[in-house]
Every structure is written in C-alpha cells, then in structure tokens.
Amino acid sequence: MAKVRAAKKPPAYKNIHPLVKNLPDDSTLSLKNVKDWQKHNKERVSDLKYQIRRMDKGKDKVLLEREVENRTVYLANINTYLDTSTWCDLFYGKDQEHKTQYRTLAYAYDDEGYIKTNASIGD
C-alpha cells in the first residue's frame, strides 16, 4: 500500500485559477490557506445548522441563522476566488478576522493632471 501512495501523483487542481495555484504556501491567500479556511467554514456551517434544528424560536436562533448565512456567502466568495483569483470579500481569514486592505494599481487623473481622489463634489 505504501508503494501505491508513493507512486501517486500530486493533485493537478484543474479547476483552480493558475495565479492562485502559483502562490507560495506562506502567502496569505495561498491555495493551502484558503482551502483550510474553506474546510473550517463548511464544518462550522454544518455544526450551526445542527444547533439551529435543535433550538426553539428566539434571539439566539436568529443570531445563529445570521451566522450561517454570513459563512455561506463567505464560502461562495472563496469559491469565486479559487475560480477567478479575485478576492471579493471585505474580510479574510479562518473566521473572517482580518479586514481587506485596498491599494491603487492604476491612478486616474483629472483635466489639470492631478490624481483623482474621493473628495466630495459639493464645492
């Protein structure tokens, strides 16, 4: 049996975007980390649904249902990231504990040559 395991090739991940596959394992949004987050959240959703079925109506049940919905959307965003390499969620991490930071890749300029900002237009 050990011989068969040794001869087994590593997974090809044909359904994962190449940019995601090529990230090193120590990167924040690496395939290894994101798969771990995905597994954790799937297990958590399953546990929460079990708890919800066993509860009576009330505030606690509503809070758990809200958490299930949030984690389900997070799982959908993880799947989108694995397909397209575009992170669509405002948070990241195992329990969405980190906030996403944005950065400008290409600046837009106004007629006078200044970089456009999000300043109010009410002047």
[atom1]/[X] to [atom2]/[Y] distance, rounded to the nearest 0.5 angstrom?
| X | Y | atom1 | atom2 | result |
| --- | --- | --- | --- | --- |
| L48 | N70 | CG | CG | 10.5 Å |
| H17 | D83 | NE2 | CG | 9.0 Å |
| N77 | T86 | CG | OG1 | 11.0 Å |
| L64 | R54 | CG | CZ | 14.0 Å |
| K116 | D111 | NZ | CG | 7.5 Å |
| Y81 | D89 | OH | CG | 13.0 Å |

Beyond-backbone contact of [X] with [Y], side-chain heavy atoms, under 4.5 angstrom:
| X | Y | value |
| --- | --- | --- |
| L90 | Q96 | no |
| I16 | L31 | yes |
| I78 | W87 | yes |
| R5 | M1 | yes |

L29-V73 co-clustered via ILVMFWY side chain contacts under 4.5 Å: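 In one cluster: no.
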Linked, directly or transitively: L82 and Y13 (ILVMFWY side chains, under 4.5 Å): yes
Would a distance-only check, ignoring hydrogens and angles, find a side-chain to backbone donor-acceptor pair under 3.5 Å from [X] to [Y]?
| X | Y | answer |
| --- | --- | --- |
| N33 | T28 | yes |
| T84 | T80 | yes |
| S46 | K42 | no |

Contacts of W37 that satisfy ring-ring contact (aromatic ring centres under 6.0 Å, His included) - sequence neighbours left out: none
ring-ring contact (aromatic ring centres under 6.0 Å, His included) contacts touching residues 97-116 (sequence neighbours left out): Y92-H98
Those residues that, when tested against H40, pass side chain to side chain contact (heavy atoms under 4.5 Å, CB included) (two or more places apart):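 With neighbours one apart ignored, the set is R71, K94, D95.
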Closest non-hydrogen atom pair between S30 and P24, with its separation: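 Looking at all heavy atoms of both residues, the shortest contact is CB-O, 3.1 Å.
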Heavy-atom pair of closest approach, residues K57 and K61: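 Scanning both residues, the minimum pair turns out to be CA-CD, 4.2 Å.
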Atom NZ of K49 with >12 non-hydrogen neighbours under 6.0 angstrom: no
